[in-house]
Peer 1: 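Just dropping this structure here.
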Amino acid sequence: MTRWTRRKFVGLTGARLLAAADPKAALAQALPRVVVVGGGIGGATVARYLAALAPPIHVTLVEPKERYVTCFFSNLFLAGLRTLDSLSHGYRSLAEKSGVMIVHEAATGIDPVARTVELKSGSRLPYDRLVLAPGVSFRLDAIEGYDEAATEVMPHAWNAGPQSVLLRRQLESMEDGGVFLIVVPPDPFRCPPGPYERASLVADYFKRHKPRSKILILDAKDAFKPQDVFQEAWSRHYPGMIEWLPAQFTGATKAVDVGTRSVITEGETFKAAVANVIPPQRAGALAIETGLADKSGWCPVDPMTFESTLQRNIHLVGDAIIGGDMPKSAFSANSQAKACAFAIAAELAGSRQFAPHLFNSCYTFLARDDAFTNALNFRPDPVTGKIKVVDSFVSKVGESAELRRKTARHAIGWYAAFTRDTFG
Ligand SMILES: Cc1cc2nc3c(=O)[nH]c(=O)nc-3n(C[C@H](O)[C@H](O)[C@H](O)COP(=O)(O)OP(=O)(O)OC[C@H]3O[C@@H](n4cnc5c(N)ncnc54)[C@H](O)[C@@H]3O)c2cc1C
């Protein structure tokens, strides 16, 4: 069933009829129509900023879920340091304060010639510009035995929500002395420091509740960033608890055996009490199915406007795109979304466009009161047409405990401000 939320919303089918009698509806029809698919960080930010921009634009946001749970800070939930409720956000403010039309449905197709988006219910939304922010999908065919059913036994928890709850329950019921195994996928994937933050925060939980337990990280890579900062913190906070095994030691993860909760690599089989298998990723399914991704599995865009280089009038932001030097993070998605909203508004107004400044500023927890920061500035490179990093700062090893405590406190404030900026 389609659920529409917006005061005085005029049903699509009756819109034309009502427009004759209702001047507001007539005005809404005359406005340029932008449909945004995906109400996560990228999509919600595009919708909110477009709705606020002049010239007035009629913005519709298509998102099946009534509440969005942030992946960022979900590792704190796994450690018992945040409730899932505190990470959940609804769409009321976007609808009521920003005037965005919210359609709680999944988009199932796009007709780029007729310029319509098809919804699961069969209805169609017309657009002048379409923005897609569908996040990532998981390559469940990449690891033998790791299918949809296996995710219920060996959760990835790489989309926050029921998967996070499942993993948290498994960690809570694990016996002290058990092995928690994390399988890290090959690049590129959502939130590059995320698996190592997860290891850190689960170790924080184990240290207090199951101190004889171990954490084993099976990595598809031979290095990660900032490795020195993580490893210094692991030996300071959790000596002997976390072991990181690079690909050169174990080989790639080939298969899982759900029955024995084992992970099979090229070289060895690892049995776990709790196994967190984070599968390889690609752009969200809708982008793949509608031909907006290239053979890498990710979507190429013009970094000036975030318009697809494969299909005119369709823009993409967030984890689904080929973002050059930008990591797949919520901060990147939010920054790209603002640049995209300004570019669309400028195009619709026929005004000049300027190369956007793009940012990423991540906070990563090493323990409940120890966090580091990673801040990067980017610009589109006019020669290569790619997004290049122009300036960066990463916390260093040897920083004082006091500075790290302040960074952890700052991160809490960032979460509140950032989610307000996104969802209103
Ligand atoms: C454990 C973890 C920790 C993280 N920590 C951080 C951090 O500290 N800082 C940071 O910046 N980033 C962090 N991230 C990354 C961040 O969560 C993602 O980069 C961000 O959510 C990407 O935003 P997005 O809009 O591209 O995708 P998403 O936020 O995933 O949103 C996609 C939305 O699209 C919707 N959708 C998909 N298909 C359809 C369809 N067909 N029709 C309609 N809607 C659809 C989905 O329901 C979803 O709501 C973390 C990620 C993880 C997993």
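As the structure is a computational prediction, the values presented were derived from the model and not from experiment. Just so you know, ligand 1 is whichever comes first in the structure, and atom 1 is the first atom listed for that ligand.
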Peer 1: Can you tell me how the ring of Trp234 sits relative to the ring of Phe230, calling it parallel under 30°, perpendicular over 60° and tilted otherwise?
Peer 2: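 Tilted: the ring planes of Trp234 and Phe230 meet at 30° to 60°.
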Peer 1: Does ligand 1 come near enough to Ala107 that some N or O of the ligand is less than 3.5 Å from an N or O of the residue?
Peer 2: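 Among all N and O atoms of Ala107, at least one is under 3.5 Å from an N or O of ligand 1.
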Peer 1: Does any N or O atom in Asn360 lie less than 3.5 angstrom from one in ligand 1, N or O only?
Peer 2: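 Asn360 vs ligand 1: no N/O contact under 3.5 Å.
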Peer 1: Could you check whether the rings of Phe224 and Tyr196 sit parallel, tilted or perpendicular, using 30° and 60° as the cut-offs?
Peer 2: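 Phe224 and Tyr196: parallel rings.
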Peer 1: Indicate yes or no for a side-chain donor-acceptor contact from Ser235 to the backbone of Gln231 under 3.5 Å, with no hydrogens or angles considered.
Peer 2: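 Indeed, once roles are kept as given, a pair shorter than 3.5 Å links the two residues.
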Peer 1: For atom 32 (C) of ligand 1, which candidate among Ser332, Ser137, Ala133 provides the closest heavy atom?
Peer 2: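 Among Ser332, Ser137, Ala133, the closest heavy atom to atom 32 (C) of ligand 1 belongs to Ala133.
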Peer 1: Can you report which non-hydrogen protein atom sits closest to atom 3 (C) of ligand 1, along with the distance?
Peer 2: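 Ranked first by proximity to atom 3 (C) of ligand 1 is Cys71 O, 3.4 Å.
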Peer 1: Any idea which of Arg190, Glu63, Lys65 brings a heavy atom closest to atom 30 (O) of ligand 1?
Peer 2: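 Checking each option, the heavy atom nearest atom 30 (O) of ligand 1 is found in Arg190.
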Peer 1: How does Ser329 reach ligand 1, by side chain, by backbone, by both or by neither, if only non-hydrogen atoms under 4.0 Å count?
Peer 2: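 Both backbone and side chain of Ser329 come within 4.0 Å of ligand 1.
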Peer 1: Can you tell me the protein heavy atom closest to atom 18 (C) of ligand 1 and the distance?
Peer 2: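 Sorting protein heavy atoms by distance from atom 18 (C) of ligand 1 puts Asp319 OD2, 3.3 Å first.
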Peer 1: Mind checking whether Ala285 contacts ligand 1 via backbone (N, CA, C, O), side chain (CB onward), both or neither, at a 4.0 Å heavy-atom cut-off?
Peer 2: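 Answer for Ala285: neither.
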Peer 1: Is the closest N or O pair between Phe331 and ligand 1 shorter than 3.5 Å?
Peer 2: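 It does: an N or O of Phe331 is found under 3.5 Å from an N or O of ligand 1.
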Peer 1: Could you tell me whether the side chain of Lys328 and the main chain of Ile322 form a donor-acceptor pair under 3.5 Å?
Peer 2: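 Checking the backbone N and O of Ile322 against the side chain of Lys328, no donor-acceptor pair under 3.5 Å is found.
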Peer 1: Given Pro64, Ser164, Gly39, Gly135, identify the one with the heavy atom nearest to atom 43 (C) of ligand 1.
Peer 2: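 Closest candidate by heavy-atom distance is Pro64.
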Peer 1: Is any NZ, NE, NH1 or NH2 atom of the basic residue among Glu118 and Arg124 found under 4.0 Å from an Asp or Glu carboxylate oxygen of the other?
Peer 2: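 Yes, charged N to carboxylate O under 4.0 Å.
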Peer 1: Counting both backbone and side chain atoms, is some N or O of Val37 under 3.5 Å from an N or O of ligand 1?
Peer 2: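 Such a contact does not occur with ligand 1.
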Peer 1: Who gets closest to atom 16 (C) of ligand 1 by heavy atom: Ser335, Ala44, Ala330, Gly194?
Peer 2: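 Looking at heavy atoms only, the winner is Ala330.
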Peer 1: Any cation-pi pair here, Arg404 with Phe365, using under 6.0 Å and within 45°?
Peer 2: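 Judged by the rule, Arg404 and Phe365 form no cation-pi pair.
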Peer 1: What class does the angle between the rings of Tyr68 and Phe423 fall in, given that below 30° is parallel, 30 to 60° is tilted and above 60° is perpendicular?
Peer 2: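 Tilted.
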Peer 1: Would you mind listing which atoms of ligand 1 come within a distance below 4.0 Å of any non-hydrogen atom of Lys328?
Peer 2: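 Counting from 1, the qualifying ligand atoms are 19 (O).
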Peer 1: Output yes when the distance from some N or O of ligand 1 to some N or O of Trp414 is under 3.5 Å, and no in every other case.
Peer 2: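 No, there is no polar N/O contact under 3.5 Å.
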Peer 1: Using a 4.0 Å heavy-atom threshold (strictly under), name the region of Asn75 that reaches ligand 1: side chain, backbone, both or neither.
Peer 2: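 Looking at Asn75 and ligand 1, just side chain atoms fall under 4.0 Å.
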Peer 1: Please confirm whether the backbone N or O of Ser200 pairs with a side-chain atom of Tyr238, one donor and one acceptor, at under 3.5 Å?
Peer 2: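 Checked: pair present.
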Peer 1: Should the pair Arg168 and Tyr205 be classed as cation-pi, given the thresholds of under 6.0 Å to the six-membered ring centre and 45° from the axis?
Peer 2: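 Yes, Arg168 and Tyr205 form such a contact.
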Peer 1: Indicate whether any N or O donor in one side chain lies under 3.5 Å from an N or O acceptor in the other, for Gln281 and Ser137.
Peer 2: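 Note: Gln281 and Ser137 side chains miss the donor-acceptor criterion.
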Peer 1: Is it the case that Asn334 and Asp421 place a side-chain donor and acceptor less than 3.5 Å from each other?
Peer 2: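 Indeed, the side chains of Asn334 and Asp421 share at least one donor-acceptor pair under 3.5 Å.
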Peer 1: Hey, does Gly42 come in under 3.5 Å of ligand 1, counting only N/O atoms on both sides?
Peer 2: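 Yes, since at least one N or O of Gly42 sits under 3.5 Å from an N or O of ligand 1.
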Peer 1: Could you check atom 29 (O) of ligand 1 against the protein and tell me its nearest heavy-atom contact, residue, atom and distance included?
Peer 2: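 Protein heavy atom at minimum distance: Tyr68 OH, 2.5 Å.
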